[in-house]
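The structure appears below as C-alpha cells.
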Amino acid sequence: MPAVPIILSEWTDINPENVHRMLHNANDWGAIKKGTTQSYAEAIKEGHFKTKLTNEWKRMLAMDVSDVYYDKFLINGKNESQLSQFKGGDKVRLRISNGGASSYFWLSYAGGKMTVVANDGNDVEPVEVDRLIIGVSETYDVIVSIPSNDVSYEFLVTPEDRTNSASIFIGNGIRQLKSRMPKLKYFEGMKMMNGMMNMDGSMDDMGMEMSLQQMDMNAVMYPEITGSKEDKKSSKMKMEGEMDHSKHNMGLGDDLVTLNYAMLKAPQPTTLPADAPIRELRFELSGNMNRYVWSMDNKVLAETDKILIKKGENVRIVLYNGSMMRHPMHLHGHDFRVLNGQGEYAPLKNVLDIMPMETDTIEFNANTEGDWFFHCHILYHMMAGMNRVFSYEEQAPNPYLPDKEWAYKKLQRESNEFHFMAENDFASNGNDGMVMLGNTRWSIGAEWRLGYHDDHGYETEIHIGRYIGKNQWFMPFIGFDWRYRKLGHNEIEKNIFGQANTKDQRAVMSVGAEYTLPLLIIAQAEVFTDGNVRFQLMREDIPISQRLRMSFMVNTDKEYMGGFKYIVTRHLGLTTHYDSDMGLGVGIGLNY
C-alpha cells in the first residue's frame, strides 16, 4: 500500500517571540482578527448578555479555543495541493504529523470513513472513524479509500478554532469537497464555562468521570452536533464540476464517529515488567489565562527541581487538567502506555492530549538513562513554564553535556522570561502612558500623566509587585510617586479622608496591594510615606464591541477618569477620555 507523509503546520506573519509577548500581555488583536472577541454588543445580539456578565463577574476573560491567530494553514507547506497519481479503488496510507506550534486540527475525508492504524509511530488495531482531532506533535496513520475514478476527494484539515482550513485532494478528476466545519458558538462555550467555574477560581467537575477525550465539553459549541442555521447553510457546498457526492453533512441527527483514546488498542501486549518497583507521581496541569501563566502543580519550571527516578522501575503518572485549555503532554525518550481500559493491550504513545477537567494515567518503564523533558507541546504553554525534567539517579556522565547544572538553569530561565509592554496616548489634553515588565510572578510597571501646562500637572508612578496565589488575583507592591502641579495661592488639595497636600511638588514612597475584583476591576490600596492613604478602582479593557474598549478610574484623592478606545490596528487606536485634572481630550493611542 502506498504511503504519503502529511505534515500539518500553520503560519503567522508575526514573529513568534512577539506572539508570546502579546499573549502574556492579554492583547486581543488575535481575537479581533478571528471575530471572536465576545464583546458586550455581540453578547446582546446573541441573547447572551447575562452569560457575558457572569463570565466577567467570575473574573474570566472571553472564551478561547486556540490562543493564536494564524494567517495560513498548510499541508506539506501548501494550503492546497493534489495527489493525482491515485485512481478509483486505491487505498492510501496517510502518515500524518502535526508539526504546528499551537494548533489542533480536525481531520476529515470526502471519500468516506478513515481507518486509523497507528498513533505516535505505534501500530493500533484498525478503527474506522468519520473524523479525529490531532494534537500538537501527535502523529496518526490513517488509510483512506478512493471510491471512484475521475474524482479527486478532499482530505480536509481544519484548525480547532475553525478560522480557515487546508486541503489535499486525493485522486484525479472532478473535485469532491468535504463540508466545512461551521463557526463555533462561543457564547454557548462561555455559558458552559460559567457553570464549571467557581468564584474562587477553581473548576467544578460536576461529578463527571472524564478521561481519554471521551467527553468533549466543547461540543456545546459545535453546530454540527447541536444544530444551527449557520450549519445548514454551510452544508450547501458548491463543487468544481456538476456533481456533489458528499453524504457527510455533519448536521443535527447524523451519527458522527469521532476518535477518542479509549478506542485505541495495541495489536500486541504492552505490559511493563511485573517484578519492577512502581513509582507513582501525580501532577495537576494548572493555568492562568489572564496573565498567560502555564504550570504544573502551580509551579513553572524555574521554580522546581528535576524529578528523580531510578532505572528499572515502572513510573506511573496521573495527570489532571485543572485548566480551561487542552494540553498535549509529551515525554522525551520513552513511549508510555495509556491506561485506557484495554488491559494488557493498552496503546503506546509519547504525546497525550488532555482536555479540560480530564484525569488520565500513563506509565512507562524507566529503561533509558538521561535527563528527559516532559512538557506541554503547545509552544507558548511550554515557553510559559509548563515543563518538568525526569532525571535518572546515579546515571553515567553525559559526555555531550559536561555542565548539566548550567544547562538546566538556562532551560529554567527560558521558561520564565520577562515580557515587555508599553502604551502611550497622545491626546489633546495631555500625554498618558505606561510601560511594564512582567514574568510568572513579578511585575515592574511605570505610568505617567503629563499635562501641557503647570495647572494640569505632571505625575509618574512606579510599582514593583509580586503576584500571590494560584489565580494571581492579589499583588502586594512597593512604589514611588512623584507629581508636580502648580496650585493657586492658598489652595489646598484634600482627599476624601481630609488629608491635605499643600506641596506643589510631591515625591513619596509607598507600600500597597492590588486585588482583582469581580468584573475584572482592579482595586488598589496604597499607603505613602507622608501618611496619606489612597484607594482606587480601575479597569482599562471593557469590550463594548469588537473593536471598542471602555476604561474608567476613580480614587479617594477625588481623581477620576473615563474613556474609550477604538482599535484600528495591532499598534494603533483612536482615543477619547475625560480626566478630572486635565479635562476632555481626544487623541491617538499607540501600544506595543
Side-chain angles (χ1 to χ4, degrees), residues 3-12 34 65-84 86 92-120 128-146 151-171 175-184 213 216 218 221-224 231 234-235 237 239-240 246 248-250 256-260 326 328 351 353 377-379:
V4 178
I6 301 289
I7 309 297
L8 312 180
S9 60
E10 74 271 272
W11 175 265
T12 171
K34 292 183 189 182
V65 171
S66 181
D67 299 330
V68 182
Y69 170 79
Y70 288 102
D71 298 277
K72 284 285 186 180
F73 297 97
L74 308 169
I75 301 175
N76 294 344
K78 297 180 180 180
N79 181 251
E80 185 180 296
S81 59
Q82 186 151 355
L83 300 172
S84 57
F86 301 110
V92 184
R93 182 169 179 145
L94 304 178
R95 305 180 70 94
I96 307 160
S97 300
N98 184 349
S102 66
S103 297
Y104 283 71
F105 292 103
W106 283 105
L107 311 179
S108 56
Y109 178 55
K113 291 183 180 292
M114 301 175 288
T115 303
V116 177
V117 295
N119 179 215
D120 292 348
E128 281 195 345
V129 298
D130 292 296
R131 65 179 185 176
L132 64 92
I133 192 166
I134 183 170
V136 182
S137 84
E138 272 193 303
T139 73
Y140 280 100
D141 286 20
V142 303
I143 295 174
V144 297
S145 299
I146 302 173
V151 179
S152 58
Y153 296 88
E154 184 179 28
F155 182 76
L156 180 66
V157 173
T158 308
E160 189 185 11
D161 62 13
R162 306 185 179 191
T163 51
N164 213 317
S165 62
S167 303
I168 188 164
F169 290 88
I170 305 173
R175 288 186 168 184
Q176 169 65 64
L177 302 183
K178 181 66 181 175
S179 298
R180 266 44 185 171
M181 302 186 84
K183 184 178 179 180
L184 294 171
Q213 303 177 320
D216 186 354
N218 284 340
M221 297 192 287
Y222 301 163
E224 70 272 17
D231 180 51
S234 71
S235 69
M237 301 304 301
M239 294 173 46
E240 296 180 14
S246 176
H248 307 285
N249 172 30
M250 299 179 292
L256 277 174
V257 178
T258 302
L259 183 74
N260 64 59
R326 38 195 327 161
V351 180
D353 170 41
H377 220 293
I378 292 176
L379 174 65

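Computed over heavy atoms, backbone and side chain alike; hydrogens, waters and symmetry mates excluded. This one's a predicted model, so the numbers in the text were calculated from it and none came from an experiment.
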(Q) Closer than 3.5 angstrom, by distance alone: can the side chain of Asp130 be matched with the main-chain N or O of Val257 as a donor-acceptor pair? (A) yes
Q) So do Pro159 and Glu10 actually touch side chain to side chain, heavy atoms under 4.5 Å? A) no
Q | Heavy-atom check, side chain of Tyr70 versus side chain of Asn164, under 4.5 Å | A | no
Q: Work out which heavy atom in Pro5 is nearest to a heavy atom in Ala3; give both atom names and the distance.
A: CD-O, 4.1 Å
Q.
Taking the side chain as everything from C-beta on, heavy atoms only, tell me whether Phe73 gets closer than 4.5 Å to Val157.
A. no
(Q) I need the minimum non-hydrogen distance between Ser97 and Ile134, along with the two atoms involved. (A) C-CD1, 4.4 Å
Q. What are the two closest heavy atoms between Met114 and Ser108, and how far apart are they?
A. CE-CA, 4.0 Å
Q. Mind checking whether Tyr109 and Phe155 have parallel, tilted or perpendicular rings, split at 30° and 60°?
A. tilted
Q.
Is there a side-chain hydrogen bond (donor to acceptor under 3.5 Å, both in side chains) between Arg131 and Thr258? Walk through the geometry before answering.
A. CA-CA 5 Å; Arg131 65 179 185 176; Thr258 302; 3.2 Å; yes
(Q) Run Ile75 and Leu8 through side-chain contact (heavy atoms from CB on, under 4.5 Å) and show every step you take. (A) CA-CA 5 Å; Ile75 301 175; Leu8 312 180; 4.0 Å; yes
**Q.** Heavy-atom pair with the smallest gap, counting every atom of Ser102 and Ile378
**A.** CB-CG2, 3.7 Å
(Q) Quick one, Ile168 and Leu94 - any side-chain contact, counting heavy atoms below 4.5 Å? (A) no
Q: Decide yes or no for Tyr153 and Val144: does some side-chain heavy atom of the first lie under 4.5 Å from some side-chain heavy atom of the second?
A: no
Q. Any side-chain donor paired with an acceptor under 3.5 Å for Ser167 and Glu154?
A. yes
Q) Are any non-hydrogen side-chain atoms of Glu224 and Pro182 less than 4.5 angstrom apart? A) yes
Q) Taking only residues two or more places apart in sequence, or in another chain, which ones meet Ile143 in a side-chain contact (heavy atoms from CB on, under 4.5 Å)? A) Met1, Lys91, Arg93, Thr115, Val117
Q.
Are Ile96 and Phe105 packed together at the side-chain level, in the sense that at least one heavy-atom pair is separated by less than 4.5 angstrom?
A. no
Q. Only one of Asp67, Asp71, Asp161 forms a salt bridge (charged side-chain N to carboxylate O under 4.0 Å, His left out) with Lys34, so which one is it?
A. Asp161
